[in-house]
Amino acid sequence: NTSQNCSESFSGVGTRVYVALIEDLETPGVWSEEFAGFEPDSFTFKAGKGFYELDIKKKSGKVTFESNPQGGGFNNVLTFVMNNNMDQMAYILRTINNVDTCWLVSDGKGGFYALYDPEFAPEVTSSGDTGDTPDSDRGITMTVTASPARYPFAKWNGTPTIASSDDAQG
């Protein structure tokens with residue numbers, strides 16, 4: 001079967017991002033000495049805590065990087081547009097704006113890009129608008145910058161623990 005010999009290579013990221021509060025981590029992410037990313041057993045959580053799943057607009061997300069001057073690591077940047085029809089959007093944005101967070105997004109190959117550093121919390125910015133007319137597009141653009149990071153496109157090949165729905169209110 002010739003389709004088994006095909007190897008597609010897709011760009012972009014999935015339609016879901018994962019965010020966790022750093023204060024909820026039982027053990028932080030640990031940089032791997034064997035590959036460019038975090039150890040698979042990184043990101044363990046206190047009881048009932050975990051990553052929160054956020055849906056994003058299709059084809060709106062990407063991860064980029066740039067190098068810092070020699071010895072300064074890299075800046076890994078995740079940008080995406082959030083679906084703005086989510087319940088409690090103001091609560092979610094306020095929380096993300098005021099606490100240190102860790103972010104994951106699918107790499108399309110069964111793993112994740114991780115925007116996080118055990119010593120330097122990512123910086124998160126958001127902006128949005130209501131649209132100009134009833135039929136215009138509206139959305140909330142998020143930018144997550146992990147800087148410095150040890151590797152460009154830092155990876156994690158673990159399985160995210162999802163926070164209990166009871167914890168979603170804070």
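Because only heavy atoms are used, hydrogens play no part in the values below, and waters and symmetry mates are left out as well, while side chains stay in.
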[atom1]-[atom2] distance between [X] and [Y], expressed to the nearest 0.5 angstrom:
X      : Y      : atom1 : atom2 : answer
Asn157 : Asp107 : CG    : CG    : 7.0 Å
Leu21  : Asn98  : CG    : CG    : 11.5 Å
Lys46  : Glu26  : NZ    : CD    : 7.0 Å
Thr143 : Leu78  : OG1   : CG    : 8.0 Å
Tyr52  : Ser164 : OH    : OG    : 7.0 Å
Leu104 : Phe43  : CG    : CZ    : 6.0 Å

Distance-only, no hydrogens or angles: does the Ser60 side chain make a donor-acceptor pair with backbone N or O of Val81 under 3.5 Å?
-> yes

Answer yes or no: is there a donor N or O on one side and an acceptor on the other, between the side chain of Thr95 and the main chain of Tyr91, under 3.5 Å?
-> yes

Answer with yes or no whether the hydrophobic clustering places Phe51 together with Phe38; edges join I, L, V, M, F, W, Y residues whose side-chain heavy atoms lie under 4.5 Å apart.
-> yes

Shared hydrophobic cluster, Leu115 / Phe45 (ILVMFWY, side-chain heavy atoms < 4.5 Å) | no

Which heavy atom in [X] sits nearest to a heavy atom in [Y], and how many Å separate them?
X      : Y      : value
Pro122 : Val144 : CB-CG1, 3.8 Å
Trp156 : Ser42  : CZ2-O, 3.4 Å
Ser126 : Met142 : CB-SD, 3.3 Å
Pro118 : Gly29  : CG-O, 3.1 Å

[Y] and [X], any side-chain heavy atoms less than 4.5 Å apart:
X      : Y      : result
Thr101 : Val124 : yes
Glu23  : Asp100 : no
Tyr18  : Phe112 : yes
Pro148 : Asn68  : yes
Ile56  : Arg16  : no

Per side chain to side chain contact (heavy atoms under 4.5 Å, CB included), Lys49 is matched among Leu25, Thr161, Asp24 by Asp24

Do any pairs count as a side chain to side chain donor-acceptor pair (under 3.5 Å) and have a residue in residues 111-123, sequence neighbours left out, and if so which ones?
-> Trp31-Asp117

List the steps, then state whether side-chain contact (heavy atoms from CB on, under 4.5 Å) holds for Thr145 with Asn76.
-> CA-CA 6 Å; Thr145 304; Asn76 289 319; over 6 Å; no

Carefully, step by step, assess Met82 and Thr141 under the rule side-chain contact (heavy atoms from CB on, under 4.5 Å).
-> CA-CA 6 Å; Met82 290 180 71; Thr141 301; over 6 Å; no

Evaluate the criterion side-chain hydrogen bond (donor to acceptor under 3.5 Å, both in side chains) for residue pair Thr44 and Thr27; output intermediate values, then yes/no.
-> CA-CA 5 Å; Thr44 60; Thr27 57; 2.3 Å; yes

Determine, stepwise, if the pair Leu54 / Val19 fulfils side-chain contact (heavy atoms from CB on, under 4.5 Å).
-> CA-CA 8 Å; Leu54 301 175; Val19 59; 3.9 Å; yes

Would the number of heavy atoms belonging to other residues, nucleotides or ligands and lying under 6.0 Å from CZ of Arg94 be above 12?
-> no

Apart from Phe35 itself, its cluster of hydrophobic side chains linked below 4.5 Å comprises none

Any idea how Phe80 and Trp103 line up, ring-wise: parallel (<30°), tilted (30 to 60°), or perpendicular (>60°)?
-> tilted

Examine Phe74 together with Tyr151 and report whether their ring centres are nearer than 6.0 Å.
-> no

Before giving the answer on side-chain contact (heavy atoms from CB on, under 4.5 Å), spell out for Lys62 and Thr79 the whole-Å C-alpha distance, their side-chain angles and the decisive distance to 0.1 Å.
-> CA-CA 6 Å; Lys62 69 179 177 177; Thr79 55; 3.6 Å; yes

